[in-house]
Structure formats: C-alpha cells, structure tokens
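Worksheet: one structure, shown below.
Labels below follow one simple rule: chain letters A, B, ... track the order of the sequence lines, proteins then strands, and each chain is numbered from 1.
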Amino acid sequence: MKNNSMLEIKNLHASVDDKEILKGIDLKVNAGEVHAIMGPNGSGKSTLAEVIAGQEEFEVGEGNILLEGEDLEELSPEERAHKGVFLSFQYPVEIPGVSVTNFMKTAINESRKAQGLEDMPANEMLKKIREKSEMLEIDRKFLSRSLNEGFSGGEKKRNEIFQMAMMEPKLAILDETDSGLDIDALRIVANGVNKLRSKDNAIIVITHYQRLLEYIVPDFVHVLYNGKIVKSGTKELALELEEKGYDWLKEEAAV
Amino acid sequence: MAYTEEELKKELETKEYEYGFYTDIESDTLPKGLNEEIVIAISKKKEEPDWMTEWRLEAFRAWQEMEEPEWANVTYKKPDFQDISYYSAPNKKPKYNSLDEVDPELLETFKKLGISVDEQKKLAGVAVDIVMDSVSVATTFKKTLAEKGIIFCSISEAIQEHPELVKKYLGTVVPKKDNFYAALNSAVFSDGSFCYIPKGVRCPMELSTYFRINQAGTGQFERTLVVAEEGSYVSYLEGCTAPMRDENQLHAAVVELIALDDAEIKYSTVQNWYPGNDQGKGGVFNFVTKRGLCEKNAKISWTQVETGSAVTWKYPSCILKGDHSIGEFYSIAVTNNFQQADTGTKMVHLGKNTKSTIISKGISAGQSQNSYRGLVQVNSRAENARNFSQCDSLLMGNRCGAHTFPYIEAKNKTAQIEHEATTSKIGEDQIFYCNQRGIDTEKAIALIVNGFSKEVLNKLPMEFAVEAQKLLEISLEGSVG
Ligand SMILES: Nc1ncnc2c1ncn2[C@@H]1O[C@H](COP(=O)(O)OP(=O)(O)OP(=O)(O)O)[C@@H](O)[C@H]1O
Ligand SMILES: [Mg+2]
C-alpha cells in the first residue's frame, strides 16, 4: 500500500483556559484530496484549523498531528508554515503600513531561507505576483495597499487565497473563505483554488454552505460537533445537511 | 548606505550592538574641566580670530548663569561638567588627499561601521564630511561642489576661510543664550559642518556627515550651520554611531538652518548613539538644539530616526517667519530597555499663510519611556496659518511608556490646527498571522514596526531609508516576549 498521507490527526484534544474545545479528533487526509469540514457555530472548526497551524493559545493535551508522517508537536507556527501548512483565516488580520506585496515577499523569502534557498529574484517574484493576481482577478493597485487594512470582507478573503497561490502550500486549510464573497467573487476564488489543486497537495475546506462545495468538490465531508467529528461521508452528506440542518446529528451524537 | 538585502540580513543576525567598539587613535586632549581658560584654549587650538574667541566667552558667561532644564520627562544623573574634557582631536591631523594617507585604524573603524570612505566615494552623489572625534579628517567631493559655488566644509575651516558668512549667520537662529545646552555648545563647540548654497543653486548631491564619539569621557559639541540662499535647494544627511562605553557620554549639538526666500532645506538624521546596555548602564546623553528659519516661500523639512542614546532631548524646530513658508517634521523615535526620549518639535508661525506638518511615530519597548512634546505657536499677525499634527505611539509589552504633550498657542483666529493621536500595541493576532505565513516573531515585529513608521521612512532619501530600517530592527532585537 503506498503511503501518501498528508495529514493525520489522532485523538486530538485541545483546550483553552481549562475548557476543552477539541475532544478527540481523528482525521486522515491524503495528498490529492479535498476534505470539507462543516458543523454548527462554536463546534471547534476554527480551533482545529489553528491548532494544526500551531496557535499556542490552545493547549494540546492528548493526541498527535502528523504532516507527511512527521509529528508537528514541537514545531513553531512558522516552522509548520515552512513545511507547507497554510491557513486562510476566518478573520484575516490587518497590518498597517505593510503592503500586500511586501508581506508576500517577506513570507516567501523567509520560507526559502528556512529551506536554505536564496531570496527569490525580484523579476521572478514580480512575475509570480502578476500571474497569481491575474488568476484571482485582483487589481495590481490593490497589492500596494496595506495588508487587510480597510479591505472589505470579500477582499480580505480573496487576498487570503492570493497568498495561498503565492505560497503554494502542501496543506491548505480554508476557514470560511466563502463568507463575505459575492456570487462572482465566489466563483473566481473557487476556480483559483481548483487550479491550485494537485495530486501533491491537500485542501481542507471549512464552510457552512453547500454552495462553495459545488465549485470546490470535496472527496469527503466531515461534521464537527461539540469538539468531535460525529459523521463523515462523501459530498452528498453536505446536501443532506443543507436540507436537514444539524439537529438529527445532535440526536445521533447523543446516543 | 549601499546595503544589499543580503548584507542587511547578515547584519541582523548579530544580536550585539554591533558598533560597540573603540578605536585606539592617539588623541590630543585638553585637561578636564571648564572655565574661561579652557574656552580660550579651545579657540587658540583652532587658531580662531578674536571675534570668535569673544563670542565663545560671551556664551560661556551666559551658560554659567543658567540652570540645567528640568521640564523634560526624563530622569538621569546630571553630567558633572567639570569632569569632562572639552577638546579632543586625533593627533595626526594632516589633510588627506587620498585614502592611502588616512590612519589605517580609522579606516578599520569605517569598515566596521560599514561606511568606508572608499565605499562612500564610489557611492555616486554622496559627499561625506566625516567628523571623527571633533575634527574633520576627510572631506570628499569638495571639488564638484566648489564648481557650483557650494561651500561644504568643517565649521572650523569656515571660520578661517569664510569668516564673513559665519559671522553673519552663526547664532542667528539659535542664539548663544537660547538654552543651557546651546550656550554650552556655543562656548566649547569643537567642530561640525558648514554648508552654503548660493542663490538659485540646486545642490546636485545629498550632503552627508557621519558623526562619531570616540575619546573616553570626551563631550561632543558639534556645531552645524546650513545657509541656503534665495531659491536654492539642499538635502543634508546626518548619521551617527557610537562605540560601546560604560560611562555616560554627553552630546550637545547645535544645528542652525537658514532658508532664505524660496529656498528649501531637507535635513535628515539617523541617530544611533549607544543607548546603554540592557541593564540601563552606560549610554549617550543627547541634548540637541536644532532650529531652522524660513524666509518668504521657504521650506524646511526635518526628518529624523532616533534609535539611540540613553537620554534624548531634542526638538528640531521651524520658525516660519516669511509669508507662505512651510515647516515639516517627520520623526521616528524608538526606545528600548531603559532608554528615555523626550523629543518633538516646535513650529512657530509668524508669517501669513504659513503651513506646518508634524508626523511623529514613537515606538517603545522594554522599560523605556518615550515622550512626544510639540508646540504649535501661531503669532497674532500670522493670518491663515495651518498645522496638521499626527502623533502615533506603538507599545511593545506593558512595562514601557508612551506620552504625548501637544501644546498649542494660537493668537490668530484664522489659524487652523488639527491634532490626531493614536496609541496601539502589537497584537498577538498580528504576530500569529505573520508566523503562519512563515515569518518568525522577531521579523514580524520588524515588519509591523516598519509598517507603522512608513510615512516617515518614505521621507528619507533612499540610502538612508535602508539604513534606518536596519537600525529599527537592530534596536528592537530581544524586545519580544
Ligand atoms: N481563546 C479562546 N478563549 C475562550 N474560548 C475560546 C477561545 N477560542 C475559541 N473558544 C471557544 O471555543 C469554541 C469553538 O470555537 P471555534 O472558533 O473553533 O468555533 P467554530 O466552529 O469555528 O465556529 P464558527 O462556525 O462560528 O466559526 C467556541 O465556544 C469558542 O467560544
Ligand atoms: Mg470558525
């Protein structure tokens, strides 16, 4: 059996201020796959995403997170990023005075440095920026604005995916990237994500809506409820959820 | 500075205050202490004319009657003015024609500073007048400038060669008795720069001076005088680094700028005197008086990046005397560990339709105290004077302090004065966001600080902006956590 595991999470528990939020998560994502995670508000979806990314605010108790077989426990958030973990934030953060371009340049060169590579030559960087911004239909002027400062909700999300395109991660976690995007933007951004799909990377899509999954078609859908994955299935599960809501699962989970 | 990004990064990897080394050059030093004999001796050593000696003595007598100011938001052990040697010049001081003649130790110093004269010479468009321990030891590009009638030399040389200009302008903007430190400087100033741009001439290059304190226990009293004749333009850069020392070193400079009708002076400073170690020991005391006078339609811009000194007391000011004149002040002041800075500006609107802009960015880390103190004064006949002030403070950690003291005195009803102030902290969420993109915390802070300071960094000439960014990063190293 060939081993193409990208992410493997085993019995993961995480808490903040002694309050347990993740209560034993198991998840396996192979390279080339797209997984969707759905679930009610407050069920722990963003927490799971941030814990994978190494947010130290959360205390990881039991359990392991393996990226391509390597345990991430001892690694800082930046080291995880260098290994190819990317998080598209549910709430992207503003950094005044730092342009999108400058931020990306710094991010890419820091990752290259960690891999023992030289800085990316300026012309290559500019070419890449041009390509990726065209793919996501981002106006070049936008790239010289301060990162996320004064961006509309949709602009912030599109910009997150622009960053994903620039960083070319192995494992991308998109936390409610669809919220805030208008209908056209959703299509553009989703198409962008699809272009980034390959057999060598994996994507986890966190969303509340089936609509996004019509564009980014998942191989598997999981439902996170009260800190646990209570149901997994194929893309049909998302349709079922859309129709029935979560109540029936709550009953199932309580059993 | 012609730093490549790679060099920059390498430098950043060094955690120590890099410029903390001491050049062992023989010095010719006067005995410690200050009295009329010493003042006369300084003047004699510099072979000054009698009027200059007399000028110094007047200043000294005034100084004796004055009290050291107490109003600034800084606390420090007052220097013992009788325990300082007021004159120190490198022993061998011939005028050099080529680098080969320069003391190899001095060249070594420049190398460590990353500003070898050699490199500077190649750096097109920058003429450097290096003030090493009070006496200028090298001046380059003088010829090119001379062709345009521009004078750029040490103030001592100017006193010898252009006494009529010095006599006419010295002390006209910062009078001898202006304040305690200015009076002290007027009495004992050892050297500094003089710059004169003739009518209608645009100075073709950035004029720049690198200052450096060297001799142990030697106070440094620089005197700079820049005169821009009608319709002329000059951009002047001043930068400095100082060696690591245990005892506090006093620095009390005076800078006077005169912009005649339609003239423009840009004065940029990157200040990096030794700030003391992380225990708050040592460091330079920097008490500076900088002031510019604008005649009709003239413009003066002060841009400063202050990262050094244990104690900084500095208020570059503009006297907007002429109608339609413009004064600008762009400042970044960084304090870390136990540093204290009380800095800001004074905009004095005397003429009609005068305009001033103040952008101040204060960054405090460690247990430092960072104060902005600004005065906007509008005289009764200054119709339609306008000022815009913006003071932003960025705090790192919760043991440091940021303070803003804006003073407004408007005696004319038509004045329009706007003041905005913000205080922010670097957020954990910002750091995590950067970390997630592969940027470590140290670098993330540098990035956020650079972003915060951008409006001011943008005002600096290119090569200086790079130097300044590097200094910001170095000065905030170890301030995390
Ligand atoms: N730093 C924190 N301190 C206290 N509680 C927290 C913290 N972070 C998250 N929580 C709590 O953990 C729970 C899970 O939050 P999380 O953000 O992971 O939910 P979510 O599934 O992403 O919800 P949504 O769909 O609304 O985005 C919530 O009850 C939230 O209030
Ligand atoms: Mg969430």
Enter the distance from S76(A):OG to Q436(B):CD here, rounded to the nearest 0.5 Å.
11.0 Å
Looking only at L87(A), I108(A), V98(A), most heavy-atom pairs under 4.5 Å shared with chain B are made by L87(A)
At a 4.5 Å cut-off on heavy atoms, which part of P169(A) comes close to chain B: side chain, backbone, both, or neither?
neither
Residues, nucleotides or ligands: over 12 heavy atoms within 6.0 Å of K454(B) NZ
yes
Of the options M166(A), Q163(A), E78(A), which is the one that meets R437(B) in a side-chain contact (heavy atoms from CB on, under 4.5 Å)?
Q163(A)
Between V93(A) and Q430(B), what is the shortest heavy-atom contact and its length?
CG1-CG, 3.5 Å
Rounded to the nearest 0.5 Å, the OG1 atom of T106(A) sits from the CG atom of L447(B) at a distance of 5.0 Å
So what's closer than 4.5 Å to chain A heavy atoms on Y433(B): side chain, backbone, both or neither?
both
In terms of heavy-atom contacts, G438(B) and S111(A) come closest through CA-OG, 4.3 Å
D429(B) CG to Y91(A) OH distance, which is reported to the nearest 0.5 Å
13.0 Å
Under 6.0 Å from the NZ atom of K355(B), do we count more than 12 heavy atoms belonging to anything else shown?
no
Are there more than 12 heavy atoms of other residues, nucleotides or ligands under 6.0 Å from atom CD of E428(B)?
no
Please test I448(B) against I95(A) for side chain to side chain contact (heavy atoms under 4.5 Å, CB included), starting from the C-alpha separation and ending with a verdict.
CA-CA 7 Å; I448(B) 294 166; I95(A) 306 191; 4.0 Å; yes
Flag if over 12 foreign heavy atoms under 6.0 Å of CZ, R386(B)
no
Heavy atoms only: give me the nearest E110(A)-D440(B) pair and the separation to one decimal.
OE1-OD2, 4.5 Å
What parts of residues 48-64 of chain A touch chain B if we use heavy atoms and a cut-off under 4.5 Å?
E50(A), A53(A), G54(A), Q55(A)
What residues of residues 139-151 of chain A sit under 4.5 Å from chain B when only non-hydrogen atoms are counted?
L147(A), N148(A)
